[in-house]
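Sequential numbering from 1 along the given sequence is applied to the chain's residues. Worth knowing before you read on, the calculation uses all heavy atoms, side chains too, and leaves out hydrogens, waters and symmetry mates.
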Amino acid sequence: MRNPLNKRLPRELKGEFSKYLIIFLFFIITISLVSGFLVADNSLIAAYDESFEKYNIEDGNFEYAEEITPEDKETIEAEGLTVYNNYYKEFDTEDYTSNLRIFGERHEVDKLCLLTGELPSADGEIAIDRLYGENHKLEIGDTIKIKDTELTVCGTVAFSDYSTLFSDNSDLMFDNDKFGIGTVTDEYYKKLSDVHEHYVYSWVYDNKPSDDKEAKDKANDLMKVLAANGPLTNLVPEYTNQAIIFTGNDFGGDKNAITVFLYALIVILAFVFSITISNTITKEACVIGTLRASGYSRGEMVRHYMIVPMVVLLVAALIGNILGYTFFQEFFADLYLHSYSLPTYKVLWTPNAFVLTTIVPLLIMLLINFIMLSSKMRISPLRFIRRDIGKKTKKKAFKLNTKINIMTRFRLRVIFQNIPNYVTIFVGIFFAEFIILFGLVFSPMLDNFKDEIVDSMFSKYQYVLKTPVETENSKAEKAVITSLETYKSKFKQEDVSIYGVEPDSRFIKLAAHGDKVTISTAYNHKFGYEVGDVITLQEKYTGKKYKFTVGGFFDYPSTIAIFMDREQFNKVFDNDADYYNMYMSNSEITDIDEKLIASTITEDDLTKTSRQLTRSMGDMMVIFVIFGVIVFVLIIYLLAKIIIEKNAQSISMTKILGYNNKEINRLYIHTTSIITVLSLLICLPVMNLILEKVFVFVFSAYPGWLEYSCPPITMVKVLSLGIISYFAVAFVLTKKTKKIPLDEALKNVE
């Protein structure tokens with residue numbers, strides 16, 4: 001005969017439909033989001049890792065100020081490597097206000113992945129990076145105008161050595177909006193203007209280094225050879241090349257973060273589950289007692305009450321994985337592909353994602369169910385029938401001062417009787433509000449960062465020269481600039497810009513003169529240097545050390561920089577007393593030959609960080625806000641509903657005593673409202689402090705500095721979202737209290 005208990009399963013599911021629906025939705029959302037992310041991450045990182053061998057990505061590159069001779073090339077290759085020409089020319093586009101880096105053909109190293117169209121085969125044709133084309137709405141057949149020359153787009157490609165579009169390895173952030181890359185035929189490359197040609201050479205070792213330590217040792221040995229064979233201007237080993245490694249590092253960091261995120265959700269769900277199970281046992285106490293007295297064993301009862309929740313979770317897991325491998329995988333892959341220029345990829349079966357998002361949570365929930373039910377089922381049938389299932393047979397109520405208003409005392413009783421539920425509500429609110437704040441704070445923080453950069457720009461134009469040259473622009477001010485590298489830093493090594501300016505400069509107000517230097521506020525905030533501290537820096541390629549004493553600060557929030565008198569600068573770096581290689585000006589300089597200008601720094605260059613982060617992470621932040629609100633609503637509704645059900649007898653009794661629905665809602669719904677609002681208010685400042693530490697930790701790993709800021713309006717938005725969401729929940733709960741019948745108070749009376 002079939003187990004008669006199974007006939008109760010549909011009734012149990014129907015009776016607790018709303019509760020199981022909430023758990024069902026919670027589980028689906030969690031699994032589908034995390035599974036989709038991990039599958040997309042795993043599939044894309046597999047394509048990324050495969051590209052190193054498939055496209056023969058370089059082990060590093062170096063740049064000389066001029067072409068090297070075949071003899072010098074042979075000398076360098078004698079170090080156990082092969083050197084390839086990888087020259088490029090840079091142009092400002094006239095139609096799209098951006099910078100375009102153009103390479104010749106690539107057949108041996110850093111090969112291309114053709115995505116759409118064809119590779120160039122004739123003069124005037126160019127294949128561009130997919131992201132650059134998407135961001136500027138360029139399609140095959142469209143034209144790009146550079147320096148009186150029109151280029152026709154013939155295809156889109158992914159450059160294997162530019163999976164992340166860093167125009168300079170020292171940049172804080174990549175820029176796939178104002179910076180793009182493309183390839184033309186070798187013949188046509190030679191015909192393009194060579195005003196801004198860069199003599200870059202890529203190398204591939206005969207024997208690959210086994211790890212980054214060996215790669216660093218090899219690069220250091222190679223640097224000495226390179227410096228002795230020509231005017232070396234840049235050296236970027238593959239393991240430090242942001243354009244190559246940033247993508248892989250970001251994938252790895254995101255995977256760790258999402259795993260932590262998943263298990264934080266599981267902890268919350270575990271709390272909720274333990275409370276819901278306890279509530280189910282309380283509601284079903286008489287039924288359980290009767291069944292146990294009728295001969296059903298503890299094991300049979302445990303298995304019976306585990307069936308519905310575990311079936312609900314299994315179905316949710318199935319649907320969650322289907323959504324994860326389809327819709328959400330595509331969604332998260334698109335988010336990555338909106339930021340990174342990757343080759344084609346295949347969706348891979350990801351066992352690790354299945355284990356993390358499905359097997360482990362199901363096992364945890366199974367274990368919680370089993371432990372909770374096994375513990376409760378040890379109670380005797382008689383105690384179940386009498387609803388005496390607490391640990392203590394006699395409970396003494398906590399005394400309250402009789403001078404306190406009766407309604408206030410009643411609310412306090414409700415709170416004391418439901419402390420575990422309210423604690424879980426607080427934890428859930430904390431987590432959900434943290435997600436919402438994280439999603440909302442990012443955009444205003446970047447806007448504030450951009451505004452600070454624009455406001456603190458010391459000049460609209462900064463021209464870095466290849467050699468000193470005079471200008472007739474009377475508003476231009478001479479300066480000198482170089483770059484050093486941090487030495488034994490608590491963070492990763494990064495470039496530090498060193499400026500030498502006039503003592504009475506119109507653009508940079510020095511806080512110290514003589515042998516003391518002024519440092520940017522970004523330097524101060526990131527490294528914690530104060531007045532009187534000594535900073536040690538080194539030359540990147542020679543290792544020569546320099547020491548500077550901090551004398552004050554200059555408001556420059558994004559760049560790690562040091563400022564000093566130009567005379568002192570030239571003395572420190574053994575230059576002629578009147579040497580300069582830079583102009584600062586608020587008006588454009590037009591009388592200097594472009595061939596003599598190494599680079600021009602404008603507002604677009606300084607704001608690329610905020611611009612790119614907004615573009616690449618904007619959609620992700622929206623997801624955080626939506627998910628945070630959903631988590632908030634589900635947890636509050638489920639736990640508040642349990643509180644009402646737990647107090648159903650008391651609510652029924654108050655109805656018998658003459659209290660109307662409005663008064664009852666003031667006792668129960670408003671009590672939960674007070675706890676919810678207090679939790680929101682308490683959590684906000686704490687989360688703001690935690691989030692500040694999180695941002696400092698995350699962005700300290702990158703060059704430059706991004707200051708955390710949370711405007712009051714963002715706090716108001718978070719609080720408003722929480723309160724509005726709760727009011728929606730409270731409205732539904734008021735309907736729940738109305739449905740509690742008067743005869744509920746007469747049940748199970750001892």
Using the test side-chain contact (heavy atoms from CB on, under 4.5 Å), find all partners of Thr116 that sit at least two apart in sequence or belong to another chain. Ile140, Thr156
How many angstroms lie between atom CG of Leu9 and atom NZ of Lys14, to the nearest 0.5 angstrom? 15.0 Å
Nearest 0.5 Å please: distance from the OG atom of Ser98 over to the CD1 atom of Ile144. 8.0 Å
Hits for ring-ring contact (aromatic ring centres under 6.0 Å, His included) against Phe354, two or more places apart or cross-chain, chain-then-number order -> Trp349
Among residues at least two apart in sequence or on other chains, which ones pass side-chain hydrogen bond (donor to acceptor under 3.5 Å, both in side chains) with Asn241? none
Taking ring-ring contact (aromatic ring centres under 6.0 Å, His included) as the definition, give me every residue that meets it alongside Phe328, ordered by chain and number, with sequence neighbours left out. none
With sequence neighbours left out, what residues match Tyr345 under ring-ring contact (aromatic ring centres under 6.0 Å, His included)? none
Ile281 vs Met377, test: side chain to side chain contact (heavy atoms under 4.5 Å, CB included). Steps then yes/no. CA-CA 9 Å; Ile281 298 300; Met377 291 303 168; 4.0 Å; yes
Please name all residues satisfying salt bridge (charged side-chain N to carboxylate O under 4.0 Å, His left out) with Glu284, sequence neighbours left out, ordered by chain then number. Arg8
Pairing residues for Arg106 by the salt bridge (charged side-chain N to carboxylate O under 4.0 Å, His left out) criterion, not counting sequence neighbours: Asp161
Distance col, row Thr247:OG1 vs Leu165:CG, nearest 0.5 angstrom, shows 9.0 Å
Less than 4.5 Å apart, any side-chain heavy atom of Phe159 and any of Ser341? no
Heavy-atom distance under 4.5 Å between the side chains of Val629 and Ile436, does that happen here? yes
Test of understanding: with ring-ring contact (aromatic ring centres under 6.0 Å, His included), list the residues that count as partners of Tyr239, not counting sequence neighbours. none
Can you list everything that forms a salt bridge (charged side-chain N to carboxylate O under 4.0 Å, His left out) with Lys346? Sequence neighbours excluded, please. none
Parallel, tilted or perpendicular, as decided by the 30° and 60° cut-offs, for the rings of Phe327 and Phe331: parallel
Parallel, tilted or perpendicular for Phe37 and Phe332, by the 30°/60° rule? perpendicular
Take Tyr422 and Thr672, measure what side chain to side chain donor-acceptor pair (under 3.5 Å) needs, and give me the verdict at the end. CA-CA 8 Å; Tyr422 286 128; Thr672 303; 3.2 Å; yes
Rounding to 0.5 Å, atoms CD1 (Ile368) and CE (Met306) come to a distance of 11.0 Å
Do Lys178 and Asn99 have side chains that approach each other closer than 4.5 Å (heavy atoms only, starting at C-beta)? no
Evaluate the ring planes of Phe246 and Phe174, with Trp represented by its six-membered ring, and classify them as parallel (under 30°), tilted (30 to 60°) or perpendicular (over 60°). perpendicular
Quick one: do the Asn61 and Asn86 side chains pair a donor with an acceptor below 3.5 Å? no
Check whether any side-chain N or O of Asp110 sits under 3.5 Å from a backbone N or O of Glu58 as a donor-acceptor pair, and report yes or no. yes
Apply side chain to side chain contact (heavy atoms under 4.5 Å, CB included) to the pair Ile128 and Ile181, showing each step before the final yes or no. CA-CA 6 Å; Ile128 59 173; Ile181 50 180; over 6 Å; no
Nearest 0.5 Å, please: how far is CD1 in Ile126 from CG in Asp142? 12.5 Å
Does any pair with a residue in residues 350-364 pass side chain to side chain donor-acceptor pair (under 3.5 Å), and if so which ones, sequence neighbours excluded? Asn42-Thr350, Asn321-Thr358
Point-to-point distance, once rounded to the nearest 0.5 Å, from CD1 of Ile319 to CD1 of Ile29: 12.0 Å
Set out, in order, the CA-CA distance, both residues' side-chain angles and the distance that settles side chain to side chain contact (heavy atoms under 4.5 Å, CB included) for Ile675 and Phe426, then state yes or no. CA-CA 8 Å; Ile675 296 296; Phe426 180 86; over 6 Å; no
Side chain to side chain donor-acceptor pair (under 3.5 Å) contacts in which one or both residues fall within residues 44-54, not counting sequence neighbours: none
Side-chain donor-acceptor pairs under 3.5 Å in residues 715-729, sequence neighbours left out?
unit_1, atom_1, unit_2, atom_2, d
Ser720, OG, Val716, O, 2.7
Ser725, OG, Leu721, O, 2.7
Tyr726, OH, Ile669, O, 3.2
Tyr726, OH, Ser673, N, 3.1
Tyr726, OH, Ser673, OG, 2.9

Check against side chain to side chain contact (heavy atoms under 4.5 Å, CB included), Val236 and Ile244: CA-CA 11 Å; Val236 185; Ile244 295 175; over 6 Å; no
